[in-house]
Student: 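Starting off with a structure, shown below.
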Amino acid sequence: MPPKTRRKLNPSSSKKSNVPNNQSQVQPSKFGIQHFFERHSQNALLASQKLNHLSSPPAPPSATPPTNPIPLSPSKSNAASNGAVSVSPNPNLHSHSSPATEAADEVSPLVSKSTSLKRFNFSPGMLIKQSQDDGGDEVTWKISPVNERLLAVSKHTPVLPDSSKHNSFLIHQCSQTKGINTAAKFDKWLSSPSPKGKADKKPLLQANRFGLKRLNPFQDKEVGDSIADENTCLSSRQTPFCTPPSLPYCPDKLANGVASHHLGLKQHKKALLELLDQVEDVISVEDFVSSESEPYSSKAQEGMSKEIPVTADSIGNDVSMGTTNKVSGTSSNGYFLVLEVSEKQTFPESGGSQWPYKVLRLVNEKSGEERAVYLWEEWSYSVIAPGDTVNVIGEFDEEGKCNVDHENNFLIVHPDILVSGTRVAGSFSCPRRTVLDERLRCNEHSTAALIGTLLHQIFQAGLVKESPTVHFLEEYARIVLQKNMESLYACGVNEHEIYKTLTEAIPKLVNWIGLFKDTQEPQVPTVDFGSDNGAKKVEVLEVIDIEELAWAPKYGLKGMIDVSVRVKVDSGGKEGHEKIMPLEFKTGKMANGQASAEHCAQVILYSLLMSERYLKHIDSGLLYYLQSDQTQGIIVRRSDLVGLIMRRNELAHDILKALTTQQLPPMLQIPSMCKGCRHLDVCTLYHKAFGGNTESSGLGDIFDSHVHHFSNAHGVFLRHWDQLIDLEAREMQLAKKEIWRSHNHKNENSTGCLSSLVLDELPQQESHKENRFIYHFVCRYSPTNNLSGSDRNSISAASSLTKDLDCSLKSGDYVILSTESGHQFVATGIIVELSPDRVSVSFSKGLRLPGGNLSSMREKLLQEVWRIDKDEIMTSFSVMRFNLIQMFLDNEQSSHLRKMIVDLAAPRFDSGCIFSQDPAISYIWSEKSLNDDQRRAILKILTAKDYALILGMPGTGKTSTMVHAVKALLMRGASILLTSYTNSAVDNLLIKLKSQGIDFVRIGRHESVHEEIKGHCFSGMNINSVEEIKLKFDQVKVVAVTCLGITSPLLSGKKFDVCIIDEAGQTTLPVSLGPLMFSSTFVLVGDHYQLPPLIQSTEAREKGMGISLFCRLSEAHSHAIAPLQSQYRMCQSIMELSNALIYGDRLRCGSPEIANAKLKFTKPISCSSWLKIVLNPSEPVIFVNTDMLPALEARDQKTVNNPMEAYIIAEITDGLVNNGIEGKDIGIITPYNSQASFIRHTCKASVETHTIDRYQGRDKDCILVSFVRSNVNPRSCSASLLADWHRINVALTRPKKKLIMVGSWRTLSKVPMLKLLIDKIDEQSGILSLSNDDFNHRTLALQRCSLIRVTKAQILEGEAQ
């Protein structure tokens, strides 16, 4: 068994590697967490000087006791009267101090000796103090959640704030200077009350310790000059989006007026100590000026105030909110980190009801300035905790305070979580259903939903057409049906029936378009905008965009707007004025003549999104119902926006809480509604898995009937893998946030983006049958623009020094296109081609910038500077969760998979079916190209009743084995589903099947499929009807798709006899489960001794997410494995390395020709003595030791490379090419991206250079390996990539005839695996130590750099021109 090394934390290495690059230019000399620590210790020292004993309570915030104290429970009243806040140690902390001594730990011994502010040693007990006494509601929130949050940012690991069990994912807002006055006006409109006057300060909500009661509806406010005045009396219209919106469903949150939940902190003391050295580059915080008194806002000063004993200041020596630095009144849309939350109650001087409010102490994550936000009225029930990120939309006064209430300003909690407007609007009835919609991607296909989609497309086509006719739309309906043929097949409907339904609706669409868009002045229609605004004449002047994607991190919202229109509105005889507004199209009808609240909410949120996108004040929208042929005008009222944004905040909290704790919102517990829910199966399973029962579900027998089969062991398995998926999803969410953060601080080490791009040309026509548009982008200052011919080719590799083409993007990646100047999100697309001088991206529609007209759009697109970011697709995680929960449903297929995968039942094999008359068996024994191992593997597949495992060691011909296995299965008439995680692995197998004359269907995106295979996609066939699709599937027995592509509508309802998953050792268990749901028997092909599944999250990897299904079943049932051991790739000397280190001498050469293969030089030339030894074909394995050279590794923040090794690799490569070895037969491998980039710049020859991960599945005649790591005094490298024996195995098994390794024997010997490797090479006398006499590195470095310098000069010349 190969050595398994557990990855250990290396403080010295993680210290640099975990610091975000975008903070590298900040100089936080007086900021950062150290500043917080110093203030804390200083204030603690001052407190010790004032008090006689450390255990004495801090001074109360006010000398005057409140006149109407809130009654406290007996356990709390004494503490409250003394002004003390109870603090208990956190049991989860790795601290050795007892509760009695923790108070003394508040003052560091170093601080006691000196009052100078400097870094000091500390223990977790000093800074992490959080408690909630049993049975009470007194909570102490201190700075510890911030420490945990900062540590998470530095390590890219999301954490959970203690009070709300959720945390935000940080996004920095684009720091652009907007020169458009309308944007500022719109922000002012959003954050300001009616200009007619300010409403009475008397609270409209009354709260007590036991619950809330709404006394009066909130009055609507005027939102703009264009909206009619509204009465502020109690009889005015009540918003349908009541706030707090969670009140009916989450009464436990507000039961005691305190919305708090507790989770113990799980950070280790060692990690906290590391934070001291890491966090200074993560956050900068301005100097804090303490104050003797609380900075009450104007509202607080109207009456007396009493603070509920829920918070205590963690930095000062009192329990009041710290005063912020005095600042001039400024408008803020910046992101803030919540340092402290205080919950208070205010009592009017004249008596009357008390009402709660909250005070948030914030710090600007960019500038370090501190602010205070006061949450009044319904906003006071917002669930916010220290460590959260918020966006304040409003103005701060000179003291740095901002009031957020029913009339003024907004607070966006977790703005980095972009919630769909449709999700927000649909979440009022059941938040749990909405969160499940967000977390799961179902395969349901509804005919009604499909008809709605088709009518949307027809309506939109009519809007953009000049004077459309019924005939035009009927013909377009045929085109729409052709485009959506796969969805028709999934729904099981006939295109003729659907066409009839569509044509019945077309006359209404034409009538609406003619009435609103192509009307004449006398016949301009009127639209009712509500009782307060009345009917207005509306004329559509221009259709600006169709299906417009809008992302607004400022509000934490996103959406796809049906139609963006410019209209002319006339009201009450007044002269009309033009507006931009959303038009939402619904195929149903109005209920009782009124638009539904959910639809109104969508229009309101789309208006908000458009306001941000177009930087205009958009205060209304249109809602058209097709079936009832009615159009409703929707006015954006602030009261509605408050309710919707608060609902959005709660939904973001619920989504994040589910992501971090796997806890969903509570069940609705209404059987009449729940029994028809699409998520009833999974909802009940999750409820039972996480401790729920029949009584708590509220569904009685309905619940029992769905979970009776679900055992405790099943619950453990589901919870474990659900957590692993979420850990990985959080890591990818952090990567996606970098898209927005990097707009503010350019990340020089980011490899997931291309910047400073311009359009090369605009597409002349749509691409292929999928109606996609392909745009070509080039570097803005490309050196190849001024070159041609050989000059262009000679610097093609060096041109990537612009950093734009030196990235991890590849063909087939989903990307986000945005403008570099205004940081405006424009579209999402797919990379179809990536070359050294340009990148081609496919979009679903033509590009268009917000605003402007079509005539000038072409010029604007060509003049714009663009940015392309990799879009980390979160839908893959929703597919993984769906696959996982599907295995626990109560059906035959799911039960069989549970038995095999969860319960690990032994697989069965039919030993009695091997008869000579079986054509499949006869074919296997007669096929001469198969060796004995391959025959046994195919027989294992043919006899499997449950599953078979094929261990395909390197070079053993597993792909050829699979081709013959497929042919044998087809002889039995079996239907086969072929899958793999990557498109390339699927297509490689299909290319060999095609060469054998086997027909198949390939399902997948057209641009991601290999050119030779595209003709087997439905997009490449002449398919015109659903019947033709059915006929094709009846004729073809082999269907191929990627593991994540199984959500295709073409696979809806399909079943296969056998499912074969290739590269199964690299596929995570939840991804593998998806294809297995389609067959009764499955075959896993892979090698778990090579690279495991790629897992980004360290915690998920350590908890077992890297264990593939192939590995799990292999270790459980070795008799199910059929190994392929005869390899046809490596010569004998190279094979012996992996045999000795990994495979235990099980590998063998397939023939003497393979064993004795050597490089052949077609034109040998003379070279230096050391190079002659390295290139010697008779020495297949050479290790070049660099310890006698100045070849130390070079570090730049998170990157590491070794220039000397790169020069040596380049020199050896040149020697190979000069001796007649073609560049395509040479490969260069290195563990690190930065070294691969450096080698590409250094090598003159065109050679494929990649990381080890990218070389999985490839081979070359000659492989060169650069190990990079080299230190003067090397310590253990166990935390590096080199300690991963899977990667080392991949590197050693890529070459056929020659393996040349370059590295430091002194450093690499500290890695146990590599020491064994070097010892094995030494046995073969394959170590060559270079000295300065052998290698003139200075001259070589100058020669290698000359090309780069010339290229840089050309780039600068291009910029100057």
Student: Using 30° and 60° as the class boundaries, would you call the ring planes of Phe1267 and Phe1183 parallel, tilted or perpendicular?
Tutor: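 Plane angle between 30° and 60°, so tilted.
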Student: Applying side-chain contact (heavy atoms from CB on, under 4.5 Å), can you list everything that pairs with Asp1225, at least two apart in sequence or on another chain?
Tutor: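 Ile1221, Glu1222, Asp1261.
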Student: List the atom of Pro1177, the atom of Leu1159, and the distance in Å for their closest heavy-atom pair.
Tutor: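 Closest pair (atom of Pro1177, atom of Leu1159, distance): CB-O, 3.4 Å.
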Student: Which pairs count as salt bridge (charged side-chain N to carboxylate O under 4.0 Å, His left out) when at least one residue sits in residues 1129-1147, sequence neighbours excluded?
Tutor: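 Every salt bridge (charged side-chain N to carboxylate O under 4.0 Å, His left out) pair that includes a residue of residues 1129-1147, provided the two are not neighbours, is Arg1129-Asp1259.
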Student: Decide yes or no on side-chain contact (heavy atoms from CB on, under 4.5 Å) for Leu1192 and Asn1271, but give the supporting numbers first.
Tutor: CA-CA 6 Å; Leu1192 299 180; Asn1271 300 286; 5.6 Å; no
Student: So which heavy atom on Ser1108 is nearest to which on Thr1067, and how close?
Tutor: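 Taking every non-hydrogen atom into account, CB-O, 3.3 Å.
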Student: Do the non-hydrogen side-chain atoms of Ile1229 and Leu1264 ever get within less than 4.5 Å of each other?
Tutor: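 Ile1229 vs Leu1264: side chains apart.
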Student: I'd like to check Ile1095 versus Thr1068 (side-chain heavy atoms, cut-off strictly below 4.5 Å). Are they in contact?
Tutor: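 Counting from C-beta outward, Ile1095 and Thr1068 do come under 4.5 Å.
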Student: side-chain hydrogen bond (donor to acceptor under 3.5 Å, both in side chains) with Ser1246: which residues, sequence neighbours excluded?
Tutor: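 Ser1246: no side-chain hydrogen bond (donor to acceptor under 3.5 Å, both in side chains) contacts found.
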Student: Rounded to the nearest 0.5 Å, what separates atom CG in Leu1330 from atom CG in Leu1328?
Tutor: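 It is 5.0 Å, given to the nearest 0.5 Å.
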Student: Do other residues, nucleotides or ligands put more than 12 heavy atoms under 6.0 Å from the CH2 atom of Trp1170?
Tutor: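 Atom CH2 in Trp1170 is crowded, with more than 12 foreign heavy atoms closer than 6.0 Å.
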Student: Passes side-chain contact (heavy atoms from CB on, under 4.5 Å), Glu1248 versus Tyr1255? Steps please.
Tutor: CA-CA 10 Å; Glu1248 195 174 71; Tyr1255 251 101; 3.3 Å; yes
Student: Got a second to check how far Lys1296's NZ is from Ile1134's CD1, nearest 0.5 Å?
Tutor: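 Answer for the NZ-CD1 pair, Lys1296 versus Ile1134, is 11.5 Å.
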Student: Does Gln1324 reach the side chain of Ser1133, with side-chain heavy atoms less than 4.5 Å apart?
Tutor: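 They are in side-chain contact.
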Student: Mind checking whether Leu951 and Asp1087 have side chains closer than 4.5 Å, heavy atoms only?
Tutor: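 Yes. Closest side-chain heavy atoms under 4.5 Å.
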Student: Calculate, to the nearest 0.5 Å, the distance between atoms CZ and CG belonging to Phe1161 and Asn1176 respectively.
Tutor: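 Going from CZ on Phe1161 over to CG on Asn1176, the span is 8.0 Å.
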Student: For His1250 and Ala1236, work out which heavy atoms get closest and say how close.
Tutor: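 Residues His1250 and Ala1236, closest heavy atoms: C-CB, 4.5 Å.
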Student: What distance separates Ser756 OG from Ile868 CD1, expressed to the nearest 0.5 Å?
Tutor: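 Interatomic distance, Ser756 OG to Ile868 CD1, rounded to 0.5 Å: 11.5 Å.
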Student: Check Gly1106 against Pro1093 and note the closest heavy-atom contact, atom names and distance.
Tutor: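 Closest approach of Gly1106 to Pro1093, heavy atoms only: O-CD, 3.1 Å.
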Student: Tell me, yes or no, whether the heavy-atom count around Ile1327 atom CD1, taken from other residues, nucleotides or ligands under 6.0 Å, exceeds 12.
Tutor: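 Correct, the count exceeds 12.
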Student: Looking at every heavy atom in both Ser1270 and Thr1307, which two are closest together, and how far apart are they?
Tutor: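 Closest heavy-atom pair between Ser1270 and Thr1307: CA-OG1, 3.4 Å.
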Student: If only side-chain N and O atoms count, and only distance matters, is there a donor-acceptor pair under 3.5 Å linking Tyr1143 with Asn1289?
Tutor: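 Distance-only check passes for Asn1289 and Tyr1143.
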Student: Check whether any side-chain heavy atom of Met1301 sits under 4.5 Å from a side-chain heavy atom of Leu1317, and report yes or no.
Tutor: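 With C-beta onward as the side chain, the pair touches.
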Student: To the nearest 0.5 Å, what is the distance between NZ (Lys1260) and CZ (Arg1294)?
Tutor: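 Going from NZ on Lys1260 over to CZ on Arg1294, the span is 12.0 Å.
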Student: Suppose we screen for salt bridge (Lys or Arg N to Asp or Glu O under 4.0 Å). Which residues come up paired with Lys1315, at least two apart in sequence or across chains?
Tutor: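 Per chain and number, Lys1315 pairs via salt bridge (Lys or Arg N to Asp or Glu O under 4.0 Å) with Asp1319.
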Student: Check whether any side-chain heavy atom of Leu1137 sits under 4.5 Å from a side-chain heavy atom of Leu1299, and report yes or no.
Tutor: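 Side-chain contact under 4.5 Å: yes.
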Student: Does a side-chain heavy-atom distance below 4.5 Å link Leu1147 with Thr956?
Tutor: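 When only atoms from C-beta onward are counted, Thr956 and Leu1147 do touch, with a gap below 4.5 Å.
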Student: List the steps and the verdict of side-chain contact (heavy atoms from CB on, under 4.5 Å) for Tyr1207 and Thr1242.
Tutor: CA-CA 7 Å; Tyr1207 298 144; Thr1242 308; 3.5 Å; yes
Student: Thr1230 vs Asn1202, test: side-chain contact (heavy atoms from CB on, under 4.5 Å). Steps then yes/no.
Tutor: CA-CA 11 Å; Thr1230 181; Asn1202 193 314; over 6 Å; no
Student: Could you check whether any side-chain N or O of Glu728 sits under 3.5 Å from a backbone N or O of Gln1096, counting only pairs where one atom can act as donor and the other as acceptor?
Tutor: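 Yes: the side chain of Glu728 pairs with the backbone of Gln1096.
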Student: Would you say Ser1237's side chain and Asn1233's backbone share a donor-acceptor pair under 3.5 angstrom?
Tutor: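 Such a contact is absent between Ser1237 side chain and Asn1233 backbone.
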Student: Check whether any side-chain N or O of Asp1334 sits under 3.5 Å from a backbone N or O of Ser1331 as a donor-acceptor pair, and report yes or no.
Tutor: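 Judged by distance alone, yes, a pair lies under 3.5 Å.
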Student: Test: salt bridge (charged side-chain N to carboxylate O under 4.0 Å, His left out). Region: residues 1164-1192. Which pairs qualify, not counting sequence neighbours?
Tutor: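 Those involving residues 1164-1192 are Asp1187-Arg1306.
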Student: Among residues at least two apart in sequence or on other chains, which ones pass salt bridge (Lys or Arg N to Asp or Glu O under 4.0 Å) with Lys958?
Tutor: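 Once residues adjacent in sequence are excluded, the partners of Lys958 under the salt bridge (Lys or Arg N to Asp or Glu O under 4.0 Å) criterion are Asp1062, Glu1063.
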Student: Return the OG to CE distance between Ser1304 and Met1204, rounded to the nearest 0.5 Å.
Tutor: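 It comes to 13.0 Å.
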Student: Do Ser1234 side-chain atoms and Val1200 backbone N/O form a donor-acceptor pair below 3.5 Å?
Tutor: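 Between the backbone of Val1200 and the side chain of Ser1234 there is a qualifying donor-acceptor contact (under 3.5 Å).
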Student: Could you tell me whether the side chain of Leu727 reaches within less than 4.5 Å of the side chain of Met1105, counting heavy atoms only?
Tutor: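 Side-chain contact under 4.5 Å: no.
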Student: What are the two closest heavy atoms between Phe1238 and Ala1206, and how far apart are they?
Tutor: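 So the minimum-distance heavy-atom pair works out to CD2-CB, 3.4 Å.
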